Number of protein chains: 2
Amino acid sequence: MRPLTERQNQILEFIRDYISKNLKPPTVREICEEFKFKSTNAVYSILKSLEKKGYIEKVIGKSRNIIPKDIMFKEENDIKEIPLISKFNSKNPLLMFTNLIGTVKIDAKMFDHPSSFAVIVPDDGMQKAGIFKNDIAIIKQDTKIENGDIVFAVTGNNAFIRYFKSEHGKIYLVPSARGYETLSFNEDDKNLWIGGKVSLIIRKIS
Amino acid sequence: MRPLTERQNQILEFIRDYISKNLKPPTVREICEEFKFKSTNAVYSILKSLEKKGYIEKVIGKSRNIIPKDIMFKEENDIKEIPLISKFNSKNPLLMFTNLIGTVKIDAKMFDHPSSFAVIVPDDGMQKAGIFKNDIAIIKQDTKIENGDIVFAVTGNNAFIRYFKSEHGKIYLVPSARGYETLSFNEDDKNLWIGGKVSLIIRKIS
DNA sequence: TTGATTTTTGAACAAATGTTCAGTATATTA
DNA sequence: TAATATACTGAACATTTGTTCAAAAATCAA
């Protein structure tokens with residue numbers, strides 16, 4: 001890759017900066033103004049050089065069509081933003097999305113499930129499984145749940161993280177720690193909502 | 001905030017999606033094409049509704065001027081990138097930064113210590129403390145370490161995550177699980193390097 | 001020195017794009 | 001029932017914007 005001249009570099013820098021601030025590439029005229037050029041062709045010819053040297057690409061026949069190559073090849077969606085939910089109700093589980101208390105950002109390399117949410121672990125019922133009260137648990141929705149999976153479940157306004165067990169038309173929420181009871185429900189119990197599978201745990205230590 | 005109609009929602013979704021894929025907002029005509037409208041005004045009037053309801057903003061006199069409000073207020077630089085280290089040597093601890101195997105991105109709201117690194121937990125010696133083999137542990141360097149803290153330590157080429165205990169000129173690395181031994185060192189042992197305090201645990205579950 | 005690259009001006013064209021006007025139809029709300 | 005919001009079509013206008021032509025001066029390598 002041939003090196004850039006100072007001017008070319010300035011302009012490429014400006015383009016990158018503009019994109020990160022405005023979420024879209026600048027127009028030729030906007031660059032022109034920034035650098036106080038008298039003619040758009042001052043910019044245009046520098047863009048040509050940048051293109052020839054391979055630092056940018058252009059989409060023909062479109063406006064705001066400058067694409068810096070490094071942005072182009074940047075992995076997409078490498079950060080996943082996951083809503084952190086506080087209050088639940090098993091009868092209107094979807095209402096929970098009105099109880100956002102923030103978002104948790106996760107490296108998409110570690111976690112990239114399309115529909116998911118985060119909760120704060122409500123109790124120490126899964127202590128032996130290494131899940132502690134106040135950990136952040138990230139829940140995958142729309143995933144097949146099998147016996148032995150750790151799930152996030154809501155009954156009424158109470159939320160649990162427990163082992164899932166389904167047997168003879170009954171669903172059991174089984175804790176891993178002593179001092180917590182196994183809860184049992186009928187399979188069609190309208191008062192039980194299984195939010196999804198726990199698939200990531202984040203714990204802050206002091 | 002007034003709720004959106006289905007059409008309005010479809011179009012807002014498309015705009016968001018387009019931005020995340022193309023790094024710039026779509027034009028009225030691009031939206032028009034996507035939805036197979038015969039007139040750009042079909043889009044335009046829906047954009048007006050979205051604007052009136054407060055879901056988007058427009059920059060007057062510019063092209064590609066739709067700005068979804070949630071993107072507009074997105075904070076910048078709230079992600080911390082932490083190097084993930086694989087091999088260690090207690091004699092040349094700084095050399096470890098040549099053994100990057102990647103980076104881990106963390107929400108700065110959860111973790112924002114300036115000098116830190118990430119490792120993969122090497123064994124189950126801290127199982128009872130809820131730290132399992134293959135978890136990702138994030139280590140704070142340059143932090144005062146006190147008895148009872150969980151630390152990352154290296155002797156020779158072996159890495160440990162253990163409770164730290166200092167007593168009568170001796171340093172002990174104490175496991176929380178049975179089947180693992182407490183290691184002891186002299187305070188000035190050149191063959192022991194305490195990398196820092198474990199301050200975040202991330203665990204992926206299947 | 002000579003030719004290529006770079007940087008800039010100035011003017012203009014053509015395509016892309018935001019916007020508006022006029023009108024139809026349906027559903028929702030007061 | 002009337003008024004309002006919604007969801008379109010069709011055509012046109014005005015601005016923004018990518019691009020091109022012509023030309024001059026400066027830098028830099030061969």
Side-chain angles (χ1 to χ4, degrees), chain A residues 1-19 21-69 71-72, chain B residues 1-19 21-69 71-72:
Chain A
M1 225 168 181
R2 271 195 294 161
L4 295 180
T5 66
E6 193 165 337
R7 243 320 181 228
Q8 289 165 356
N9 205 52
Q10 281 170 13
I11 286 179
L12 183 55
E13 277 308 297
F14 174 74
I15 293 168
R16 287 191 181 129
D17 193 52
Y18 186 102
I19 291 175
K21 280 184 187 138
N22 299 283
L23 262 159
K24 64 190 175 196
T27 63
V28 175
R29 277 169 186 81
E30 282 166 348
I31 302 171
C32 196
E33 254 178 66
E34 172 72 19
F35 288 86
K36 312 271 180 225
F37 291 131
K38 300 281 165 59
S39 164
T40 55
N41 195 32
V43 175
Y44 199 81
S45 59
I46 289 171
L47 291 182
K48 268 186 198 156
S49 307
L50 283 171
E51 197 177 4
K52 210 195 300 184
K53 289 185 178 175
Y55 287 82
I56 63 169
E57 259 193 21
K58 287 202 271 181
V59 186
I60 53 166
K62 292 275 155 186
S63 72
R64 300 186 182 275
N65 62 355
I66 307 166
I67 308 176
K69 280 276 181 73
I71 284 184
M72 208 170 53
Chain B
M1 223 166 183
R2 270 195 295 161
L4 295 180
T5 65
E6 192 163 338
R7 243 318 181 234
Q8 291 166 354
N9 205 52
Q10 281 169 15
I11 286 179
L12 183 56
E13 277 307 296
F14 174 74
I15 293 168
R16 286 190 180 128
D17 193 53
Y18 187 102
I19 291 176
K21 280 185 186 139
N22 299 284
L23 262 161
K24 64 189 175 197
T27 63
V28 174
R29 277 169 185 80
E30 282 166 349
I31 302 171
C32 197
E33 256 179 65
E34 172 71 20
F35 288 87
K36 312 273 180 225
F37 290 130
K38 301 281 164 58
S39 164
T40 54
N41 194 33
V43 176
Y44 199 81
S45 58
I46 289 170
L47 290 182
K48 269 186 198 157
S49 307
L50 283 171
E51 198 178 4
K52 207 193 304 183
K53 289 185 179 176
Y55 288 82
I56 63 170
E57 259 193 23
K58 286 202 271 181
V59 187
I60 54 166
K62 293 274 155 186
S63 72
R64 300 186 183 274
N65 61 356
I66 308 166
I67 308 176
K69 280 273 182 74
I71 284 184
M72 207 170 53

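Below, read A as the first sequence line, B as the second, and so on, with proteins coming before strands; counting in each chain starts at 1. Fair warning: this is a prediction, and the values are worked out from it, not measured in the lab.
- What separates CG of A:Asn41 from P of D:dA24 is a distance of 15 Å, to the nearest Å.
- Around CD of B:Glu33, the count of heavy atoms belonging to other residues, nucleotides or ligands within 6.0 Å does not exceed 12.
- The backbone N or O of B:Arg64 sits less than 3.5 Å from a side-chain atom of A:Lys24, completing a donor-acceptor pair.
- Side-chain nitrogen and oxygen atoms of B:Ser63 include at least one within less than 4.0 Å of the OP1 or OP2 phosphate oxygen of D:dT17.
- For the pair A:Lys48 and C:dT8, the criterion of a side-chain N or O lying under 4.0 Å from OP1 or OP2 is not met.
- Between A:Pro26 and B:Phe37, it is B:Phe37 whose nearest contact on DNA chain D lies nearer the 5' terminus.
- Residue B:Asn65 is in sugar-phosphate contact alone, with no base atom involved, counting any heavy-atom pair closer than 4.0 Å across all strands shown.
- Nearer the 5' end of DNA chain D, as judged by each residue's closest nucleotide, is the contact made by B:Ser45, out of B:Ser45 and B:Lys62.
- Listed nucleotides: D:dT19, D:dA7, C:dG10. Nearest to the side chain of A:Val28: D:dT19.
- When the side-chain nitrogen and oxygen atoms of A:Lys38 are compared with OP1 and OP2 of C:dA11, none of them lie within a distance under 4.0 Å.
- The interatomic distance linking B:Leu50 (CG) with C:dG18 (P) rounds to 15 Å, in whole Å.
- In this structure, A:Lys52 and A:Ala42 both approach DNA chain C, and ranking their closest nucleotides by distance from the 5' end singles out A:Lys52.
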Evaluate B:Val43 against B:Phe35 for side-chain contact (heavy atoms from CB on, under 4.5 Å), listing each step before the verdict. CA-CA 9 Å; B:Val43 176; B:Phe35 288 87; 5.9 Å; no
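- In summary, A:Glu51 and A:Lys48 do not engage in a salt bridge, as defined by a charged side-chain N under 4.0 Å from a carboxylate O.
- Look at B:Arg7 and you'll find a side-chain N or O under 4.0 angstrom from OP1 or OP2 of D:dC8.
- Under 4.0 angstrom from either OP1 or OP2 of C:dT5 there lies no side-chain N or O belonging to A:Lys53.
- Protein atom CG of B:Leu47 is 12 Å distant from nucleotide atom P of C:dT20, rounded to whole Å.
- Put simply, CD1 on B:Ile46 is 16 Å from P on D:dA5, counting in whole angstrom units.
- Here the P atom of nucleotide D:dT17 and the CD1 atom of B:Ile60 are 12 Å apart, to the nearest Å.
- One finds no side-chain N or O of B:Gln8 lying less than 4.0 angstrom from the OP1 or OP2 phosphate oxygen of D:dA5.
- Protein atom NZ of A:Lys58 is 14 Å distant from nucleotide atom C1' of C:dA15, rounded to whole Å.
- An OP1 or OP2 oxygen of D:dG18 is reached within less than 4.0 angstrom by no side-chain nitrogen or oxygen of A:Arg29.
- Rounded to whole Å, the distance from CD on A:Glu51 to C1' on D:dT19 is 12 Å.
- Distances shown here put a side-chain N or O of A:Thr5 below 4.0 Å from the OP1 or OP2 atom of C:dT7.
- B:Tyr44 has no side-chain polar atom (N or O) that falls below the 4.0 Å cut-off from OP1 or OP2 of C:dG18.
- Taking 4.0 angstrom as the limit, A:Thr40 places none of its side-chain polar atoms (N or O) nearer than this to OP1 or OP2 of D:dT19.
- Atom CG in A:Asn9 sits roughly 16 Å away from atom C1' in C:dT7 (whole-Å rounding).
- Between A:Val28 and A:Thr40 the shortest heavy-atom distance is CG1-O, 3.6 Å.
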Mind running side-chain contact (heavy atoms from CB on, under 4.5 Å) on B:Ile15 and B:Leu47 for me, showing each step along the way? CA-CA 10 Å; B:Ile15 293 168; B:Leu47 290 182; 3.9 Å; yes
